[in-house]
**Student:** 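Got a structure for you, written out below as structure tokens; questions coming shortly.
Protein chains get the first letters and strands the later ones, always in sequence-line order, with residue 1 at the start of each. As a basis for the values below, the full set of heavy atoms in this structure was taken, side chains included, without hydrogen atoms, waters or symmetry mates.
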There are 2 protein chains.
Amino acid sequence: MPKPDVDPTRSLDLRVDRSSPVPLYFQLSQQLEAAIEHGGLTPGSLLGNEIELAARLGLSRPTVRQAIQSLVDKGLLVRRRGVGTQVVHSQVKRPLELSSLYDDLEAAGQRPATKVLVNTVLPASAAVAVALGVPEGGDVHRVERLRLAHGEPMAYLVNHLPTGLLDLDTEQLEATGLYRLMRSAGITLHSARQSIGARAATAGEAERLKETEGAPLLTMQRTTFDDTGRAVEFGDHIYRPTRYSFEFQLLVRP
Amino acid sequence: MPKPDVDPTRSLDLRVDRSSPVPLYFQLSQQLEAAIEHGGLTPGSLLGNEIELAARLGLSRPTVRQAIQSLVDKGLLVRRRGVGTQVVHSQVKRPLELSSLYDDLEAAGQRPATKVLVNTVLPASAAVAVALGVPEGGDVHRVERLRLAHGEPMAYLVNHLPTGLLDLDTEQLEATGLYRLMRSAGITLHSARQSIGARAATAGEAERLKETEGAPLLTMQRTTFDDTGRAVEFGDHIYRPTRYSFEFQLLVRP
DNA sequence: TCAATGTGTATGTCCGGACAATCGGACTAC
DNA sequence: GTAGTCCGATTGTCCGGACATACACATTGA
């Protein structure tokens, strides 16, 4: 008969620094997350009740709950009333975020390269005007980029942005991703509406992507909004499906 | 000069029923969400501070905060310290959930039809075994379905499931979606890992979907996990891109 | 043997209060 | 006029406590 489970957080050396400006609940959640990541807390193990954990750390129960809740929201923990809080059996890695292709590639160690083909300001077409919520015919930025990895074209990216939000420097666009530029310009991204589909390549697209006409392409259209609800970007992207696919993890909201 | 903004929740007739078993914070969040949905709270408007709102409803501030927080998590509200809580400028509709194709179609009013082509148990191939975390060669369910809308084929769905979780009745599979079956069998879905791509149709696929060989297809592979971390389903789906695309909204987690 | 009942334990909900951090605007000083 | 400073307003964090509720397990009963 196996020894009854002991609280695995007991052997974890959890500590909080009350002089730090970092919120206590955040300190705790980070340590718990690190422990889960590094195997200190094994999948399926029970965390031991909140009251005792709070007492041991010298925290209040609401603070401990806030820490745990943030990890539940991330999908790392599961709470069961009357039972306890358990570590989810791994598999959870990247709970779908608003990823830029650039970051995705970089994270995959691919050292992405970007070639800006067009960077101009022109009157908004009807479709662009609707997507961005600007008057038709008004000025908008248009950026066309070819993204490469290992010298091979991976995607062709067309983006439209309202003017006045940020200045689109071609050099910067080639050095980093569009989202990073927007973030560093003080724009707080909030949400995006995406549509992913597929279609056959036109002759022009085929040439740019080194594909053949009629070859299947992966398409993505996206409108991104900041936290005031303004549309800050409208993208129309095509990807070579042999080189790229959308991978993500998503959580069932309880 | 416009009249200074008054708290728009004042004109909202918010009430909570303390005799109801529904949590107070949930009652409040539902009413606020309904008000946002129906225009009672217009985008961009400030909500008025939490303290006063709590006082007016006879609730404590933590309870009101919990209600507001849940809407912030949904992307409907934005909080700014020192400023207040505002309604996001709409556009937010469906914050990407683990959607079944069946539910998607039904929500779109398409009355989906399902034709079960294969419903059997067979030894797991290597790929299926890895995805489901079961021994290779062990028994697994295999289900192949053709999904139609308006009589036209839309998708070809191949799914593998571990045995012993639920009994897959062909009739039920044709009457509803797989996810609904799993849920009603007491399985609590937790997360899923998805991969969306594109490729050309093979001859066999083309025939089943009324496409031509080489036509672009949208593909999705998905492994779904329950809250104990078990893989409960592995799906390999192909969609006709002229009939279906993946549409979803996603939030930037703060 | 199996179903109904009780019991302990853990999370879920809720309260009332306190202080800190930050934002925006008004005011002041140069 | 411009920059810096102060101040009110609002959310962010944290506390300590209380009771409700649901689950797992043991006990009891048919």
**Student:** Starting from C1' on C/dT11, measure out to CG on A/Leu46 and report it in whole angstrom.
**Tutor:** 12 Å

**Student:** Out of C/dC14, C/dG24, D/dT13, which nucleotide sits closest to the side chain of B/Leu24?
**Tutor:**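 Between C/dC14, C/dG24, D/dT13, the one nearest the side chain of B/Leu24 would be C/dC14.
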
**Student:** What's the shortest heavy-atom distance between B/Ala131 and B/Thr223, and which atoms?
**Tutor:** O-CG2, 3.5 Å

**Student:** Classify B/Arg65 by what it touches in the nucleic acid, base, sugar-phosphate, or nothing, heavy-atom distance under 4.0 Å.
**Tutor:** base

**Student:** Whole Å only: how far is the CD1 atom of A/Ile68 from the P atom of D/dC14?
**Tutor:**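 Rounded to whole Å, this separation is 14 Å.
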
**Student:** May I ask you to check whether B/Tyr179 and B/Glu233 show a side-chain donor-acceptor distance below 3.5 Å?
**Tutor:**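 Checked: B/Tyr179/B/Glu233 side chains pair up, N/O donor to acceptor below 3.5 Å.
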
**Student:** Specify the closest pair of heavy atoms between B/Val116 and B/Arg145, including all atoms of both residues, with the distance to one decimal.
**Tutor:**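 Scanning both residues, the minimum pair turns out to be CG2-CG, 4.0 Å.
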
**Student:** Name the closest nucleotide to the B/Ser60 side chain, picking from C/dC15, C/dT11, D/dG16.
**Tutor:**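 Nearest nucleotide to the side chain: C/dC15.
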
**Student:** Round to the nearest Å and state the distance from B/Leu28 atom CG to C/dC15 atom P.
**Tutor:**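 Answer to the nearest Å: 11 Å.
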
**Student:** If I take atom CD in residue A/Glu50 and atom P in nucleotide D/dA18, what distance separates them, rounded to the nearest angstrom?
**Tutor:** 17 Å

**Student:** Under a 4.0 Å threshold between the charged nitrogen and the carboxylate oxygen, would B/Arg15 count as salt-bridged to B/Asp17?
**Tutor:**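 Answer for the salt bridge query: no.
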
**Student:** Taking CD from B/Gln66 and C1' from C/dT13, how many angstroms apart are they, rounded to a whole number?
**Tutor:**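 Between C1' of C/dT13 and CD of B/Gln66: 7 Å.
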
**Student:** Heavy atoms from C-beta onward define the side chain here; which of D/dT11, D/dC14, C/dT13 lies closest to that of A/Thr63?
**Tutor:** D/dC14

**Student:** Describe the nucleic acid contact of B/Arg61 in one word from base, sugar-phosphate, nothing, applying a heavy-atom distance below 4.0 Å.
**Tutor:**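 B/Arg61: base contact, heavy atoms under 4.0 Å.
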
**Student:** Output the single nucleotide from C/dC14, D/dT11, D/dC14 whose closest atom is nearest the side chain of B/Asn49.
**Tutor:**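 The nucleotide sitting nearest to the side chain is D/dT11.
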
**Student:** Which sits closer to the 5' end of DNA chain D, B/Val83 or A/Val22, going by the nucleotide each is nearest to?
**Tutor:**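 Comparing both residues, the 5'-ward one is B/Val83.
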
**Student:** Report the distance from atom CD1 of B/Ile51 to atom C1' of D/dG12, rounded to the nearest whole Å.
**Tutor:**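 Nearest whole value for this atom pair: 11 Å.
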
**Student:** Which one, D/dC14, D/dT11, D/dA22, comes nearest to the side chain of A/Arg18?
**Tutor:** D/dC14

**Student:** Assign B/Pro62 to base, sugar-phosphate, or nothing according to its heavy-atom contacts below 4.0 angstrom with the strands shown.
**Tutor:** base

**Student:** Map A/Pro21 and A/Gly82 onto DNA chain C by nearest heavy atom, then report which one ends up closer to the 5' terminus.
**Tutor:**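 Of the two residues, A/Gly82 wins.
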
**Student:** Please determine, by modelled atom types, if A/Asn119 and A/Thr170 share a side-chain donor-acceptor pair under 3.5 angstrom.
**Tutor:** yes

**Student:** Does OP1 or OP2 of D/dT10 have a side-chain N or O of B/Thr85 closer than 4.0 Å?
**Tutor:**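 False: B/Thr85 side-chain N/O out of range (4.0 Å or more) of D/dT10 OP1/OP2.
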
**Student:** Taking atom P of D/dG12 as reference, at what distance in whole Å does atom OH of A/Tyr25 sit?
**Tutor:**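 Computing the A/Tyr25:OH to D/dG12:P distance gives 9 Å.
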
**Student:** Grab the CD-C1' distance between A/Gln69 and D/dC14 for me, whole Å please.
**Tutor:**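 These atoms are roughly 17 Å apart.
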
